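No experiment lies behind these values; they were computed from the predicted model shown.
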Amino acid sequence: MALISNTKHNSDLVYIPDANDPSAIPNLRLDMKDGVAIVDDQTILDENNNSVPIECMLIGTQSFYGVLQEYPTKWLKLLVITTTNHEVLKTKRPIIRSVYIRGDGRKNYLDSYRKATCDNVNIVESIMKITFVPRKKQTQTNQTITTKPPAFNFTQPNGDMLKKIKQISGFLSTADVIERLEQLLLSDEGRNLVVLTGSNDTQTIREFDKSFNQYALSGGESLNTTLALNPASPTSLNF
């Protein structure tokens, strides 16, 4: 298991970034155009420059809505610990990373999560494998393009891997750590996002879109951060 290090110092088994310090939160980016995972601007490739599947522990999820690119959309934020044995990921101890997915990637994740739970896979003690699957799509101008959205698969490990997962899960399930993870999940990392809880989705999206459209009509090139709604009430981790 490739353990992920930190540049901060504390005695925790797992390094949990500070939600109030966006620069301290390491991101895992899933590039749907090239079908590759990127960490700290380094692509995760093998010796033949092929995309490497990413294996990780899923720690929690939170739904968001807002603007990361040119228009508002639904996003799903995942907190994960990568376990893939790759030189870009090899470090000293586990660290929580965040990754945002949308569109086909978001749908693929939700479908895979439902299937895993229906198959009685213990999500909290499973390994989530991320691969990229080419998909042809029609653009608004009727052009055919190929994207490579992430696909997800949950499997139950055994042996030493399962022992390590149980050890990490035990640490992450304590009350004070869960509070820190919830803060990390609800953080928008300085972006124009609002939290969706399921019960507030329709109204939150309507108000956000209204603010976004009003700003766009006024000639602005991007949404001003002051127009973002206040986050909804914190929710528990979605294991």
Side-chain angles (χ1 to χ4, degrees), residues 14-30 32 56-82 95-114 116-117 123-124 128 130 149-150 152 154 169 172-216 220 222-239:
V14 176
Y15 174 64
I16 303 173
D18 183 359
N20 296 317
D21 182 10
S23 64
I25 303 175
N27 293 306
L28 171 65
R29 187 162 65 86
L30 305 180
M32 293 176 58
C56 53
M57 292 174 56
L58 176 65
I59 305 304
T61 66
Q62 178 63 59
S63 295
F64 283 85
Y65 180 80
V67 180
L68 281 185
Q69 296 179 352
E70 71 279 7
Y71 57 89
T73 187
K74 284 186 177 181
W75 295 82
L76 193 63
K77 180 180 184 179
L78 313 179
L79 295 186
V80 300
I81 296 175
T82 50
I95 188 170
I96 305 295
R97 296 184 183 275
S98 67
V99 55
Y100 282 90
I101 53 177
R102 66 182 176 97
D104 292 331
R106 178 176 174 273
K107 180 181 182 301
N108 290 344
Y109 168 84
L110 294 173
D111 289 344
S112 298
Y113 187 94
R114 293 189 191 100
T117 53
I123 299 294
V124 75
M128 182 176 73
I130 306 173
F152 303 83
F154 294 87
S169 295
L172 295 176
S173 64
T174 57
D176 61 326
V177 172
I178 287 177
E179 182 177 356
R180 289 158 63 191
L181 291 174
E182 288 177 335
Q183 292 173 353
L184 192 59
L185 275 171
L186 291 168
S187 166
D188 67 3
E189 302 184 19
R191 293 158 174 161
N192 301 312
L193 298 172
V194 289
V195 180
L196 300 178
T197 66
S199 60
N200 73 334
D201 293 6
T202 301
Q203 183 63 25
T204 298
I205 290 173
R206 182 183 297 118
E207 292 183 23
F208 187 99
D209 285 347
K210 181 179 179 181
S211 296
F212 176 79
N213 289 332
Q214 286 178 341
Y215 187 76
S222 62
L223 180 63
N224 189 311
T225 56
T226 60
L227 293 178
L229 305 178
N230 292 325
S233 299
T235 58
S236 61
L237 285 175
N238 298 317
F239 286 117

Taking all atoms of both residues into account, what is the closest heavy-atom pair of T197 and D201, and its distance? N-OD1, 3.3 Å

Nearest 0.5 angstrom please: N20 CG to Q183 CD, how far? 7.0 Å

Close side-chain approach of M128 to I130, heavy-atom, < 4.5 Å: yes

Donor-acceptor under 3.5 Å (K77 side chain, D188 main chain): no

Backbone N/O of R102 and side chain of T73: donor-acceptor pair under 3.5 Å: no

Would you say the side-chain atoms of N27 pair up with the backbone N or O of R29, donor to acceptor, closer than 3.5 Å? no

Can you sort out the partners of S173 under side-chain hydrogen bond (donor to acceptor under 3.5 Å, both in side chains), two or more places apart, ordered by chain and number? none

Just so I know, are the side chains of Y65 and T204 near enough to count as touching, which here means a heavy-atom distance under 4.5 Å? no

Looking at CD of E179 and CG of L184, how far apart are the two atoms once the value is rounded to the nearest 0.5 Å? 12.5 Å

Do the rings of Y113 and Y109 sit parallel, tilted or perpendicular, given the 30° and 60° boundaries? tilted

Side chains of L193 and Y100: closer than 4.5 Å at any heavy-atom pair? yes

How long is the gap from CE on M32 to CG on L30, to the nearest 0.5 Å? 9.5 Å

Name the residue from L58, I16, V99, L185 that meets the side chain to side chain contact (heavy atoms under 4.5 Å, CB included) definition with L79. L185

Audit row: I81, I96, side chain to side chain contact (heavy atoms under 4.5 Å, CB included) steps and yes/no: CA-CA 5 Å; I81 296 175; I96 305 295; 3.7 Å; yes

Do L76 and F64 touch side chain to side chain, with heavy atoms closer than 4.5 Å? no

Residue pair F152 / G105: nearest heavy atoms and the distance that separates them: CE1-O, 3.4 Å

Ion pair present between K107 and D104, side-chain N to carboxylate O less than 4.0 angstrom? no

Determine whether F208 and V67 make a side-chain contact, defined as any pair of heavy atoms from C-beta on separated by less than 4.5 Å. yes

Whether the side chain of N108 engages the backbone of P150 through a donor-acceptor N/O pair (distance < 3.5 Å, no angle test) should be reported. yes

Looking at every heavy atom in both A19 and S187, which two are closest together, and how far apart are they? O-OG, 3.6 Å

Between CZ on residue R97 and CG on residue L78, distance to nearest 0.5 Å: 14.0 Å

Any donor-acceptor N/O pair, Q62 side chain to L196 backbone, under 3.5 Å: yes

Evaluate the side chain to side chain contact (heavy atoms under 4.5 Å, CB included) criterion for residues T202 and R206: first the C-alpha distance (whole Å), next the side-chain angles of each, then the deciding distance (0.1 Å), finally the verdict. CA-CA 6 Å; T202 301; R206 182 183 297 118; 3.4 Å; yes

